[in-house]
Student: 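One structure follows; several queries about it will come next.
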Amino acid sequence: MYDQHIIYPASLRNTAEGGNVTGFSLGARLPYYRGQPLSVVEDVAVTVDGNKVAREQVRFSVRGKTWSLDQLEEATTERWEFGEVADILVAHPGGLSTGQHQVSVAVQLRISYLPWSSVTTCTRQEALAE
Amino acid sequence: MYDQHIIYPASLRNTAEGGNVTGFSLGARLPYYRGQPLSVVEDVAVTVDGNKVAREQVRFSVRGKTWSLDQLEEATTERWEFGEVADILVAHPGGLSTGQHQVSVAVQLRISYLPWSSVTTCTRQEALAE
Amino acid sequence: MKATHQIKRGVSLYSYQYETFLRKMTLDDCIAHAAGLGAKGIEVLAEQSFTSFPEVPQAQIDGWFASLERHGAYAQCHDMFLDTKLYKHRKLSFDEMVASMQRDLHFAHKLGCKTMRIIVNTPPEVVVACVPLAEKLDIRMGIEVHSPFHFDHPWILRYTELTRATGSDHVGYIPDMGMYTKNYPRVFRDRFLRLGATPAIVDFILEAHAARVLTDYLLMDIRKMGANPVDLQMAETTRHNIWSNPRRMLEFMPWIFHIHAKFYEIDDSGKEPAIPYEEIIPVLIEGGYTGHLSSEYEGQRHIEDAFEVDGREQVRRQHEMFKRLLGEV
Amino acid sequence: MKATHQIKRGVSLYSYQYETFLRKMTLDDCIAHAAGLGAKGIEVLAEQSFTSFPEVPQAQIDGWFASLERHGAYAQCHDMFLDTKLYKHRKLSFDEMVASMQRDLHFAHKLGCKTMRIIVNTPPEVVVACVPLAEKLDIRMGIEVHSPFHFDHPWILRYTELTRATGSDHVGYIPDMGMYTKNYPRVFRDRFLRLGATPAIVDFILEAHAARVLTDYLLMDIRKMGANPVDLQMAETTRHNIWSNPRRMLEFMPWIFHIHAKFYEIDDSGKEPAIPYEEIIPVLIEGGYTGHLSSEYEGQRHIEDAFEVDGREQVRRQHEMFKRLLGEV
Ligand SMILES: [Mn+2]
Ligand SMILES: [Mn+2]
């Protein structure tokens, strides 16, 4: 559910540290009908232009705090709220080229009352915002 | 069920036609609690000393009639009765050497009220009867 | 204690399948053993006790009646099957299913059976089409309500809707007590352990069955525990061996013609560890059941790899239990 | 026709989830819309309508009460969830589950809710441990009997056994009408077709659902027909969207505190094609149900890929249907 709404429109942009473009980021919303503790987020798999980003390269940030995907799984008292746009940060020296990119985000959730871990995928063409 | 009783004990013997040893045969019983039409027998897979016999090399014979495994699947009005020992004939020029052989027979049945086709396997050490 | 009910005892020759398969018991031996326990009502599977079904040689039919007479027993139930998958590439048509079922009604009649078990995968429409013949032959047909089905299962709801609409008292139910699997059968557990199930996962499955956890949840949990294929196979059996409420029989009692007294094991204390007959029989008495408790021993396939199968002793033990629970002793 | 019953109407804000997610509706908008339909009893999912649960900022609590008052509505039901899988490598312990459920009871009380929905995977022992607090806070807790569970499911049988043993009138059931899926939901069917399901296999699945065929049989049949992964996914939904007998509610009516009026679509004729409310509501009236029919629109996820979602219109239509079936018009 909410597949098409995971990637927040027009949110793809390069990120810089100390003047150097060190990666890119995009907004993402939880594909579920209510907020969840971060620890149930088992994966946020990012693929850009067909290239799967290594898990270790991905960071999740919300309300000023940032976690690696492994740290996310320990964050039992923090939340990804319903409809809240989190930042998905990808370490990628030099960032992305300007223009259109095919971005795919697959969110895997460990929902307690479901007898499976749901994986919801959103794939969009997004232009790199200036 | 009846796994261990599929292969009829001490029934492994070479078969000859016109004085030439052309194969071997063994007795086999239906691994089920009641007789079945032959057409539900989807496979009688024979393996001797680790060598799987090709489906086309196997013949099934009961009460004087003989079928290939493909013909068996069309025989809707013939039966393999409960506890009845059928002959499984394998074309194998020169037959088997005397002495012990590891023989394995796997019977696959299409039982109408089961939501799967059951495969029952029997593996025995059998000496070639003189 | 004087019996305050009219429940009768019988045996399905299914219980002696292993001995019959190995040619240790003949049809006559089976009937003799059952009758010797006071279980006079005989239930028969044609494809187990006869050959060339449905064209069974007259000699075998004559032998059947001779044995019944010799041992003071009587024909009670014919177990009908429906070979919907007779043909590899198509299912039987509606007309073929009706013809097949009518063939079985005539055969049941030939054997002198008063009831016929309808295998549960028989479509209700086929059963309805056979009601006139059942009434003509005076045979009461009952769908076997067999786990994972139960009286409130949608398949059985539809069966009830269509059959009750006929207004006939010759169509009803033959419940199999396997749908009252209160405790996971020990003989299942032990066989899976012999096959290589992981002890810690086996215990987890037993706890889940006792807690009535949904099979789908159980499968997810044990996969996370590193379940092997045997563990998964054992967990899957919880889907097909359900617990449900024996008191649900009360609403359907007027149309319960016969009962499959399924059992996997009667232990040395004379109890069936998995199926609570001490809870089931009082419900049957309360509901005024007048049919048979027909022993259906099915432990063979769970112990044959490691133990001597003794259908006679198991059936004997079950009838000792029945005599006690029915107040015959 | 004068209403001869005391059934009330309400809305679960779950029905407006899509608009809430896209920030098209605020909490106040949701309460206003429901109240405007005469559906005064509001059901709320804390993690949908508030943030930082369970430490919801007081401003949001105050906003909740302000909206209720502004629109003449009242708090009816808090939907409790149990995060048994909060931790990756272990389940919540018994004490942690009890603490979690008591946290929800206090939160329900803070919101002024009179009933609390217990998510179905909550172990009955945990519920029993919370009965004293529920009585103290005067909140009636009901396990959501949600497909594939039903009143005669072993999990619910055990729940009934343990909760009735408490003798409390504060623990019971909140049945979700999704267990009365009489006809396969069209919105499911159409979405699977859009996803690439094979039309001939889709028709086969619809016939199997109508005939109440066991899911395991259906899966085997369609595999032989060459089913693709989408076909298999569609067939699997028949396991989780069951038909069962609405009249089974009658036996449990004294302990049915609230009802999830699940629906996937109200068509242009004002009917729910999959769930027969015209059969369900007469049973509720017959049984003397006095609680709420709480709209739980769940069609969004089945149409969002191809259609505009309009929760408000769907909820409005359902209440038009309820008014008709409840004799309010
Ligand atoms: Mn049975
Ligand atoms: Mn619900």
Side-chain angles (χ1 to χ4, degrees), chain B residues 1-9 11 27-43 55 62-65 67-86 107-124, chain C residues 12-25 27 44-56 79 81-89 91-92 96-97 100 118-122 144 146 148-149 191 195 233 236 239-240 296-306 309:
Chain B
M1 65 187 90
Y2 298 102
D3 308 41
Q4 62 190 303
H5 298 302
I6 294 175
I7 296 173
Y8 196 72
S11 63
R29 288 173 290 196
L30 176 69
Y32 202 55
Y33 62 78
R34 63 193 163 100
Q36 287 292 292
L38 293 185
S39 56
V40 309
V41 180
E42 297 187 316
D43 195 10
R55 180 177 169 90
V62 72
R63 299 187 303 283
K65 288 189 186 169
W67 297 264
S68 69
L69 292 187
D70 288 348
Q71 290 165 341
L72 212 54
E73 301 208 73
E74 308 310 321
T76 55
T77 60
E78 302 277 353
R79 299 181 58 77
W80 190 356
E81 299 295 358
F82 182 57
E84 177 177 41
V85 181
V107 177
Q108 179 170 328
L109 301 175
R110 189 178 59 248
I111 301 298
S112 290
Y113 70 92
L114 293 180
W116 56 76
S117 273
S118 63
V119 177
T120 310
T121 304
C122 175
T123 303
R124 291 174 60 91
Chain C
S12 169
L13 302 191
Y14 180 88
S15 305
Y16 306 121
Q17 61 180 269
Y18 211 77
E19 293 77 2
T20 303
F21 180 94
L22 293 176
R23 302 319 191 218
K24 292 181 180 176
M25 285 178 83
L27 174 56
V44 62
L45 287 73
E47 296 169 297
Q48 179 194 310
S49 298
F50 307 111
T51 59
S52 327
F53 179 80
E55 313 305 333
V56 173
D79 281 17
F81 292 88
L82 189 65
D83 291 328
T84 51
K85 301 175 187 171
L86 179 63
Y87 301 97
K88 188 167 180 64
H89 299 297
K91 292 280 191 72
L92 289 191
E96 287 170 326
M97 288 191 278
S100 176
I118 305 167
I119 189 90
V120 72
N121 66 318
T122 306
E144 184 181 9
H146 181 294
F149 301 95
R191 174 171 163 269
L195 285 173
Q233 196 191 343
E236 192 61 40
R239 199 192 297 280
H240 301 287
E296 200 174 45
Y297 173 51
E298 195 176 84
Q300 310 87 346
R301 70 184 73 168
H302 304 287
I303 65 167
E304 61 173 320
D305 64 309
V309 171

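Below, read A as the first sequence line, B as the second, and so on, with proteins coming before strands; counting in each chain starts at 1.
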Student: I'd like to know if the side chain of B:Arg34 reaches the main chain of C:Leu45, judged simply by a donor and an acceptor atom lying under 3.5 Å from each other, with no hydrogens or angles considered.
Tutor: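 Side chain of B:Arg34 to backbone of C:Leu45: no pair is present.
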Student: side-chain contact (heavy atoms from CB on, under 4.5 Å) with C:Ser100: which residues, sequence neighbours excluded?
Tutor: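 Once residues adjacent in sequence are excluded, the partners of C:Ser100 under the side-chain contact (heavy atoms from CB on, under 4.5 Å) criterion are C:Leu82, C:Arg103, C:Asp104.
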Student: Tell me whether the guanidinium CZ or amine NZ of B:Arg29 lies under 6.0 angstrom from the six-membered ring centre of C:Phe21 and within 45° of its axis.
Tutor: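 No; the conditions do not both hold, so B:Arg29 does not lie above the ring face of C:Phe21.
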Student: Using non-hydrogen atoms only, which part of B:Glu78 is less than 4.5 Å away from chain C: side chain, backbone, both, or neither?
Tutor: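 B:Glu78 has no heavy atom closer than 4.5 Å to chain C.
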Student: Need one label for C:Ile119: side chain, backbone, both or neither, based on atoms under 4.5 Å from any heavy atom in chain B.
Tutor: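 The side chain, not the backbone.
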Student: What's the spacing between C:Glu47 CD and B:Trp80 CH2 if we round to 0.5 Å?
Tutor: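 Spacing of CD (C:Glu47) from CH2 (B:Trp80) equals 14.5 Å.
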Student: Under 4.5 Å, heavy atom to heavy atom: which of residues 115-124 of chain B reach chain C? Give them by number, or say none.
Tutor: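 When heavy atoms of chain C are the reference, residues 115-124 of chain B contributes B:Trp116 within the under-4.5 Å range.
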Student: Determine whether the aromatic ring centres of B:Tyr33 and C:Tyr18 lie less than 6.0 Å apart.
Tutor: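 For B:Tyr33 and C:Tyr18, the ring centres are not under 6.0 Å apart.
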Student: What closest approach, in Å, do B:Ser39 and C:Leu86 show between heavy atoms, and which atom pair accounts for it?
Tutor: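 Minimum heavy-atom separation between B:Ser39 and C:Leu86: OG-O, 2.8 Å.
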Student: Between C:Tyr87 and chain B, which part of the residue has a heavy atom less than 4.5 Å away: side chain, backbone, both or neither?
Tutor: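 Contact with chain B involves both backbone and side-chain atoms of C:Tyr87.
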Student: Based on non-hydrogen pairs under 4.5 Å, which of C:Leu22, C:Leu92, C:Thr122, C:Val120 is most in contact with chain B?
Tutor: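 It is C:Leu22.
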Student: Nearest 0.5 angstrom please: C:Lys85 NZ to B:Tyr113 OH, how far?
Tutor: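 Nearest 0.5 Å value for the NZ-OH distance: 11.0 Å.
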Student: Between C:Phe50, C:Phe81, C:Phe53, which shows the greatest number of heavy-atom pairs under 4.5 Å with chain B?
Tutor: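 Most pairs with chain B among the choices: C:Phe81.
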Student: Just jot down the salt bridge (charged side-chain N to carboxylate O under 4.0 Å, His left out) partners of C:Asp83, sequence neighbours excluded, or say none.
Tutor: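 By the salt bridge (charged side-chain N to carboxylate O under 4.0 Å, His left out) rule, C:Asp83 matches no residue at all.
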Student: Just by distance, do the side chain of C:Lys88 and the backbone of B:Arg110 share a donor-acceptor pair under 3.5 Å?
Tutor: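 No.
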Student: Could you tell me the separation between the NE2 atom of C:His302 and the CE atom of B:Met1, rounded to the nearest 0.5 Å?
Tutor: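 So the gap between those two atoms works out to 8.5 Å.
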Student: Report which part of C:His240 has an atom under 4.5 Å of a heavy atom belonging to chain B: side chain, backbone, both, or neither.
Tutor: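 Looking at C:His240, just its side chain touches chain B.
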Student: Any chance you could measure B:Tyr32, atom OH, to C:Arg301, atom CZ, to the nearest 0.5 Å?
Tutor: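 If I round to the nearest 0.5 Å, the distance is 7.5 Å.
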Student: Just jot down the salt bridge (charged side-chain N to carboxylate O under 4.0 Å, His left out) partners of C:Glu304, sequence neighbours excluded, or say none.
Tutor: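 If we apply the salt bridge (charged side-chain N to carboxylate O under 4.0 Å, His left out) test to C:Glu304, skipping adjacent residues, there are no hits.
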Student: Checking B:Leu109 against chain C: side chain, backbone, both or neither under 4.5 Å from a heavy atom?
Tutor: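 Interface part for B:Leu109: neither.
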